[in-house]
Amino acid sequence: MSTKPNLIQPRTLKGFRDFPPQMMIPREALIATAKRVYSSFGFSPIDTPALEYTEILLGKGGAETDKQMYRFEDNGGRDVGLRFDLTVPFARFAAQHIGQLGTPFKRYHVGLVWRGENAQRGRYREFIQCDFDTIGTVSPTSDIESALVIHSLFRELGFERFTIRINDRRLLSGVLESQGLVERQGDVLRALDKLGKIGPEKVAKELIEGAGLSAQEAQAVLEFSALEGSTGEMLAKAESLVGDSEAGALGIASLRELFRSVEAAGADPARFALDLSIARGLDYYTGTIFETFLDDLPGIGSCCSGGRYDDLAGLYTKEHLPGVGASLGVDRLLAAMEELGMVDGTSAPCPVFMPMLEKERDSDYLALAMELRAAGLGVELYPEPRKLGAQLKYADRRGFRVAVIAGSREFDAGTVQVKDLVQKSGQDHGRKDAPAAIRALLGV
RNA sequence: GUGGGCAUAGCUCAGUUGGUUAGAGCGCCGGAUUGUGAUUCCGGAGGUCGGGGGUUCAAGUCCCCUUGUCCACCCCA
């Protein structure tokens with residue numbers, strides 16, 4: 001008979017992660033910033049279930065997302081799947097509730113999504129998206145405001161060097177239309193998306209062998225994607241390539257207005273770039289497309305992507321519900337910020353630390369801590385009397401900025417010592433004056 | 001799903017053509033120091049060398065499998 005307990009190895013699934021406080025605190029701060037920015041543009045919060053009927057999700061993102069979807073039969077025999085993004089469930093939500101919501105409807109949504117693909121840096125199987133979308137209007141103003149939301153968001157998160165790459169699917173559609181190649185759009189888009197990575201020769205090869213284009217057609221498509229120059233110049237050249245296609249003309253006009261408007265609105269024009277090669281792998285986009293890259297870490301991929309999808313909700317309702325919005329990749333961005341040294345690694349959940357010196361006075365400590373909390377100051381009371389140096393080290397490591405130190409001496413005299421943990425200096429104050437002294441140190 | 005690189009203490013890593021009891025720095029805990037974080041000194045804990053199998057007198061080291069991780073592809077947040 002074995003005397004050893006049969007321990008289960010503690011572990012998480014591949015691509016699924018635990019979050020200790022020093023990760024969770026910046027993650028929550030990032031989400032709080034996103035919510036603040038979204039709200040300031042008039043987006044309201046919603047939530048939807050993680051699990052949906054498979055028929056709601058299947059075939060909405062494309063062959064790839066279908067393959068990556070976590071799908072199973074529930075205990076009631078229903079065919080169900082975990083959502084792989086927040087846009088498809090939102091389209092379902094809007095189709096179901098639009099009668100009560102009215103249009104236009106603007107929502108933001110923070111939630112976990114799941115994709116069963118191989119994990120890499122900045123790529124996980126379970127990750128948070130933080131979406132904002134406007135549904136029920138085709139107004140270009142919503143496209144423009146979407147770009148402005150992304151701009152404000154990255155600014156508020158502390159980024160100066162980022163680029164919002166913008167394209168419009170109608171441009172390529174126009175080129176394809178004028179070449180009579182509309183049905184091949186999906187394959188062509190996917191091939192073009194690789195332009196920056198594998199170069200024009202290989203893309204041409206893929207266009208011919210993969211998408212079945214003639215050499216001449218491939219050349220026209222490539223010429224379009226490789227356009228260079230200023231935004232104005234590129235748009236002028238693109239205009240000639242889309243020929244008399246109506247969709248192409250609309251796309252050109254829309255992009256012109258967008259670039260003009262974001263600048264007129266006061267955003268930094270250097271943060272926006274026309275990029276005719278970005279395509280977005282998800283099939284539901286129909287117009288404007290956004291991808292946001294960090295100039296200092298482009299390799300991690302797009303941290304905020306989106307665009308206009310005018311037909312998605314049409315899968316669930318006969319009502320026309322065009323939409324536009326984007327998705328912030330919280331976990332990818334967090335990985336990037338960590339790599340760029342933008343997270344400080346501390347994990348103090350509140351500003352004030354209170355060491356315990358004498359166990360016999362613990363009700364005095366509890367009362368003092370409550371007194372400070374009532375004054376609006378978060379306090380962590382150390383639960384046992386250890387050497388003061390050790391307790392201060394504990395506080396220091398967690399990033400506390402202020403310690404409130406008291407023992408019999410202070411309790412009997414009705415004072416406390418307020419210590420600046422950064423400057424390493426302390427000063428005695430009467431208990432009533434302590435909150436003000438702490439606030440002065442915190443600069444609030 | 002495909003191809004490749006890694007896996008040794010909590011962290012970063014040494015470890016020679018296979019050869020005695022697997023090391024260092026940092027960190028952690030205790031003490032010098034009964035109420036103040038550094039430095040210094042002393043002491044301590046912590047490893048089935050990712051897991052399994054094989055070759056060998058002998059494997060951290062070589063071979064196979066497996067798991068994890070990273071990179072590239074695919075795709076994407």
Side-chain angles (χ1 to χ4, degrees), chain A residues 4 9 11-17 20 30 34 61-69 83-87 110-131 150 186 189-191 193-194 197-198 202 206 210 278-283 285 289-294 299-307 326-336 339 345 353 355-358 361 385-401 403-411 416-428:
Chain A
K4 285 182 186 173
Q9 187 195 353
R11 55 182 185 155
T12 56
L13 288 164
K14 185 194 189 91
F16 289 73
R17 301 165 302 154
L30 201 163
E64 197 65 31
T65 49
D66 284 357
K67 231 168 40 184
Q68 294 175 351
M69 189 167 78
R83 62 188 178 204
F84 53 82
D85 75 1
L86 299 177
T87 307
V110 181
L112 285 167
V113 302
W114 296 266
R115 294 182 194 173
E117 66 173 336
N118 273 340
Q120 269 181 42
R121 180 182 65 153
R123 302 177 70 158
Y124 315 100
R125 289 188 168 177
E126 177 181 68
F127 58 98
I128 289 186
Q129 287 195 333
C130 201
D131 280 34
I150 298 174
L189 281 171
R190 272 184 285 278
D193 203 31
K194 299 172 200 165
K197 284 177 196 161
I198 65 176
K202 286 183 179 167
E206 186 160 335
I278 66 161
R280 310 284 308 124
L282 295 170
D283 289 345
Y285 292 104
I289 301 169
F290 307 107
E291 293 205 343
T292 311
F293 288 81
L294 302 178
I300 206 160
S302 172
C303 294
C304 184
S305 304
S327 178
L328 178 70
V330 171
D331 291 298
R332 174 173 292 181
L333 191 60
L334 196 61
E339 203 164 324
F353 176 76
M356 178 181 287
L357 303 182
E358 297 154 35
R361 308 285 302 236
R386 283 179 72 200
K387 249 174 56 175
L388 183 53
Q391 296 190 57
L392 291 176
K393 199 168 176 183
Y394 167 95
D396 198 34
R397 193 170 63 179
R398 280 170 177 71
F400 282 97
R401 293 166 61 193
V404 170
I405 303 172
S408 288
R409 212 158 63 205
E410 285 82 0
F411 286 130
V416 294
Q417 183 191 149
V418 176
K419 187 177 175 76
D420 182 333
L421 290 170
V422 181
Q423 301 296 322
K424 306 191 176 186
S425 59
Q427 202 178 345
D428 286 352

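Per chain, numbering begins at 1; letters A, B, ... match sequence-line order.
- Both distances falling under 3.5 Å, in either a Watson-Crick or a G-U wobble arrangement, place B:rU2 opposite B:rA72.
- The base of B:rC75 lies outside donor-acceptor range of the side chain of A:R115, with no N or O pair under 3.5 Å.
- Residue contacts for A:C304: at a heavy-atom cut-off of 4.0 Å it reaches the sugar-phosphate backbone alone, with no base atom in range.
- One interatomic measurement links the two molecules: CD of A:Q391 to P of B:rG35, which rounds to 11 Å at whole-angstrom precision.
- Going from the P atom of B:rA14 to that of B:rA9 covers 12 Å, rounded to whole Å.
- When distances are taken from the side chain of A:D396 to each of B:rA77, B:rG37, B:rC71, the shortest belongs to B:rG37.
- At the heavy-atom level, A:S408 lies under 4.0 Å from base atoms of the strands shown.
- Each of A:K419 and A:Q129 was assigned the nucleotide of RNA chain B with the nearest heavy atom; the assignment lying further toward the 5' end belongs to A:K419.
- Which of B:rG37, B:rG30, B:rG35 sits closest to the side chain of A:R386 comes down to B:rG30.
- When the nucleotides B:rA38, B:rA77, B:rA72 are ranked by their closest atom to the side chain of A:Y124, B:rA77 comes out on top.
- Base engagement by A:G122 is indicated by at least one non-hydrogen atom pair under 4.0 Å involving a base atom.
- Cation-pi geometry between A:R398 and A:F353 is not satisfied (NZ or CZ under 6.0 Å from the ring centre, within 45° of the ring normal).
- Pair assignment for B:rA7: B:rU67, on the basis of Watson-Crick or G-U wobble contacts that are both within less than 3.5 Å.
- Rounded to a whole angstrom, the distance from the P atom of B:rG47 to that of B:rU69 is 23 Å.
- Here, B:rG52 and B:rG68 have their C1' atoms 15 Å apart, quoted to the whole Å.
- Judged by distance alone with a 3.5 Å cut-off, a donor-acceptor contact links the side chain of A:R332 to the base of B:rC76.
- With P as the reference atom, B:rG54 and B:rA58 are 12 Å apart, rounded to whole Å.
- For the pair A:R397 CZ and B:rC26 C1', the computed distance is 13 Å after rounding to whole Å.
- At a cut-off of 3.5 angstrom, the base of B:rA77 holds at least one donor-acceptor pair with the side chain of A:E117.
- Under the Watson-Crick or G-U wobble criterion, with both distances below 3.5 Å, B:rG19 is paired with B:rC57.
- Whole-Å rounding puts the A:R123 CZ to B:rG1 C1' distance at 13 Å.
- B:rA77 atom C1' lies 10 Å from atom CG of A:L333, rounded to whole Å.
- Here the side chain of A:K387 is nearest to one of B:rU33, B:rA38, B:rC75, namely B:rU33.
- To the nearest whole angstrom, the two C1' atoms, one in B:rA45 and one in B:rG10, are 12 Å apart.
- A:L421 is not listed as a side-chain neighbour of A:R401, based on a closest heavy-atom distance of 4.5 Å or more.
- Residue A:G15 is in sugar-phosphate contact alone, with no base atom involved, counting any heavy-atom pair closer than 4.0 Å across all strands shown.
- Within the 4.0 angstrom heavy-atom criterion, only backbone atoms of the sugar-phosphate kind lie near A:K14; the bases stay farther away.
- Here B:rA24 sits opposite B:rU12 as a Watson-Crick or G-U wobble pair (both hydrogen-bonding atom distances under 3.5 Å).
- If you take atom C1' in B:rU12 and the same atom in B:rU20, they sit 28 Å apart, rounded to whole Å.
- The base of B:rU69 has none of its N or O atoms less than 3.5 Å from a complementary donor or acceptor on the side chain of A:N118.
- In this structure, CZ of A:R398 is placed 14 Å from C1' of B:rG27, rounded to the nearest angstrom.
- Comparing B:rG35, B:rG37, B:rA77 against the side chain of A:K424 picks out B:rG37 as the nearest.
- If you check B:rA38 for Watson-Crick or wobble pairing at under 3.5 angstrom, you find it has no partner at all.
- Among the heavy atoms of the strands lying under 4.0 Å from A:D420 is at least one base atom, whether or not backbone atoms are also near.
- Considering only heavy atoms from C-beta on, A:N118 comes within 4.5 Å of A:R125 through its side chain.
- The CG-P distance, from A:D428 to B:rU36, rounds to 14 Å in whole Å.
- Considering all non-hydrogen atoms of both residues, A:L357 and A:P385 come closest at O-CB, 3.6 Å.
- Taking the P atoms as reference points, B:rG27 lies 16 Å from B:rG37, given to the whole Å.
- Heavy atoms of A:Y394 sit nowhere under 4.0 angstrom from any nucleic acid atom.
- Among the atoms of the strands shown, only primed sugar atoms or phosphate atoms (P, OP1, OP2) are found under 4.0 Å from some heavy atom of A:G389.
- The CZ-P distance, from A:R125 to B:rG1, rounds to 8 Å in whole Å.
- For A:R121, counting side-chain heavy atoms from C-beta on, the closest listed nucleotide (B:rA72, B:rC70, B:rG35) is B:rC70.
- The two residues A:G111 and A:L86 make their nearest non-hydrogen contact at N-CD1, 3.8 Å.
- Residues A:F290 and A:S305 fail the side-chain proximity criterion, which asks for heavy atoms closer than 4.5 Å.
- Within the 4.5 Å cutoff, side-chain heavy atoms of A:K419 are placed close to those of A:L392.
- Taking atom C1' on both B:rC75 and B:rU2, the two are 13 Å apart, rounded to the nearest angstrom.
- Atom P of nucleotide B:rG37 and atom CD of A:Q417 are separated by 12 Å, given to the nearest angstrom.
- Comparing B:rC75, B:rG37, B:rU36 by their nearest atom to the side chain of A:I405 picks out B:rU36.
- With hydrogens and angles ignored, a donor-acceptor pair under 3.5 angstrom links the side chain of A:E410 to the base of B:rG35.
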